[in-house]
Amino acid sequence: MTEFQRPRGTRDFGPEEMARRRFVEARLRSTAELFGFGEVMTPTFEDTALFVERSGEGIINEMYAFKDKGKRDIALRPELTAPVMRFYVNELQNRPKPVKAFYFGSVFRYERPQSGRYREFFQFGAELIGAPSMESDAEVIALALWSLESIGLKDTAVRIGNLDILKGLLGNIGITGEDQAACRRMIDKADFEGLAKHLDGLGVDRLKQRNLMDIIKTKGGKEAIAEARQLAGADIPGMDYLEGMLDKLAVYGFEKCNVDFAVARGLDYYTGMVFEIDSPCLGAEKQICGGGAYQLAELFGGETVNSTGYAFGFDRLMLALDNSGAQIPEPGLKAYIVPMGEAARMKALEILRMLRTANIPSDMDLMGRNISKALAYANSARAEKAIIIGEKELAEGSVTVRDMQSGEQTKYPMSDVLRGFLKGIF
Ligand code: AMP
């Protein structure tokens with residue numbers, strides 16, 4: 001007989017973990033709805049070309065891509081922005097703008113698995129389509145930060161950049177086109193050594209290089225913008241925008257946002273504002289969110305439209321919550337009924353039906369266990385109360401209610417069980 005293991009980079013989730021995940025997911029959902037975003041869902045697989053169009057040929061090596069039986073090139077989605085924008089171009093384009101959409105779904109990447117890096121993982125993201133303004137960019141960052149507050153994740157750091165600034169800085173030292181894109185990719189990966197070599201190769205003098213490095217390594221609040229302005233000497237487009245963005249976010253209640261000129265997001269379709277959020281407690285794989293302003297609809301045959309969006313790595317949110325010891329309520333049973341004997345089992349069923357009808361999470365012993373084993377099971381199911389119906393109780397028309405925390409036991413008339421739970425007497 002063969003014993004099967006799950007494929008590399010995938011995970012199974014047991015009932016306790018699923019309850020925690022669903023709790024966090026529900027909070028993210030309700031926050032997105034609070035901000036006026038509506039949920040969308042797209043297929044798990046798409047034409048491979050959709051992702052190649054968005055991210056370039058290199059993405060093929062990172063995807064689960066294959067030919068289906070009809071010889072079509074298909075890929076399991078590695079992200080959801082391209083599918084959502086494909087859907088937008090196909091069907092949502094004529095809706096009043098802006099279109100505010102959020103999604104939650106599994107994504108697949110053929111990566112080397114490690115802690116916080118999986119081959120199947122989940123993304124919760126939002127896209128605000130068709131509102132080309134600093135206000136819509138701020139709305140999207142605010143939604144991301146509000147979402148983190150809503151799930152109780154405290155130790156996070158947002159870094160906001162602006163590609164117009166990077167483009168301006170590189171343009172000022174004569175780097176354009178494909179060379180500029182290559183430099184931006186190196187900056188995105190914080191490969192400053194590689195960048196220096198590349199700039200040497202392009203003949204950029206060392207003084208200018210130094211100045212560029214100083215600016216892109218500047219981080220912080222408004223003071224960092226002032227510092228970068230001074231270092232740049234000339235007026236760089238995008239600085240005012242970043243400053244305005246920090247002001248807007250402060251009005252949303254997020255005063256501690258930082259700018260980071262080195263945030264470049266590897267992909268070419270990002271247009272202006274870009275941002276990332278880290279949870280430092282996660283170590284190497286600390287990025288929990290990435291996003292920015294982009295133009296993608298026209299690439300998929302739609303009208304040009306400005307959009308801003310982001311994706312949370314949902315699994316990393318869960319890891320960060322675990323690491324930071326955040327409290328997530330653990331669901332458990334309110335009542336676990338322990339009947340002794342056949343007649344008591346029928347009574348137990350009656351009580352169970354009554355409790356469940358009143359939406360009180362409850363269960364009963366199905367194994368015919370003795371009382372101590374049944375109570376041990378009740379404990380493992382995190383039941384608050386055990387309701388014991390022995391022969392004596394049955395004869396008296398009573399039940400013994402045991403508080404599973406304190407072990408205290410009290411007798412109540414059987415007819416009081418429902419009232420006891422509803423009124424919080426038990
Ligand atoms: P990206 O679409 O690459 O910007 O990813 C968005 C978010 O997904 C990142 O900020 C990470 O939190 C998360 N993420 C990316 N790759 C993985 C992975 N292999 N496993 C788990 N989470 C990931």
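Indexing begins at 1, ligand by ligand and atom by atom, following the structure's order. Just so it is clear, the model here is predicted, and its values are computed rather than measured.
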Need the ligand 1 atom indices (1-based, order shown) with element for anything under 4.0 Å from a heavy-atom of Arg117.
18 (C), 19 (N), 20 (N)
Verify the ring-centre separation between Tyr377 and Tyr336: is it less than 6.0 angstrom?
yes
Should you measure from each heavy atom of Cys289, which atoms of ligand 1 turn up under 4.0 Å away?
10 (O)
Could you walk me through whether Arg316 and Asp278 pass salt bridge (charged side-chain N to carboxylate O under 4.0 Å, His left out), step by step?
CA-CA 10 Å; Arg316 291 191 192 170; Asp278 296 333; over 6 Å; no
Proximity winner for atom 4 (O) of ligand 1, if only heavy atoms of Glu120, Arg265, Lys286 are counted:
Arg265
Give me the ring orientation class for Phe124 and Phe104: parallel if the planes are under 30° apart, tilted from 30 to 60°, perpendicular past 60°.
tilted
Which is closest to atom 20 (N) of ligand 1 in terms of heavy atoms, Tyr110, Phe108, Tyr118, Tyr310?
Tyr118
Asp365 side chain reached by Arg345 side chain, heavy atoms, under 4.5 Å:
yes
So which protein heavy atom does atom 17 (C) of ligand 1 come closest to, and at what separation?
Phe121 CZ, 3.2 Å
Using salt bridge (charged side-chain N to carboxylate O under 4.0 Å, His left out), reason through Glu120 and Arg11 one step at a time and then give a plain yes or no.
CA-CA 8 Å; Glu120 180 186 23; Arg11 286 149 306 148; over 6 Å; no
Arg109: numbered ligand 1 atoms lying under 4.0 Å from its heavy atoms
1 (P), 2 (O), 3 (O), 5 (O), 15 (C), 16 (N)
Any side-chain donor near an acceptor of the partner, Tyr294 and Glu127, under 3.5 Å
yes
Quick check: Glu111 and ligand 1, any N/O pair under 3.5 Å apart?
yes
Under a 4.0 angstrom heavy-atom cut-off, which atoms of ligand 1 come close to Gln123?
2 (O), 5 (O), 6 (C), 7 (C), 8 (O)
Looking at ligand 1, does Asp315 have a heavy atom less than 4.0 Å from it?
no
Look at atom 10 (O) of ligand 1 and say which protein heavy atom is nearest, naming residue and atom and giving the distance to 0.1 Å.
Gln287 OE1, 3.0 Å
Kindly identify the option in Ala320, Gly313, Gly116 whose heavy atom sits closest to atom 7 (C) of ligand 1.
Gly313
Would a distance-only check, ignoring hydrogens and angles, find a side-chain to backbone donor-acceptor pair under 3.5 Å from Glu79 to Ala82?
yes
Any side-chain donor-acceptor pair under 3.5 Å between Ser150 and Ser147?
no
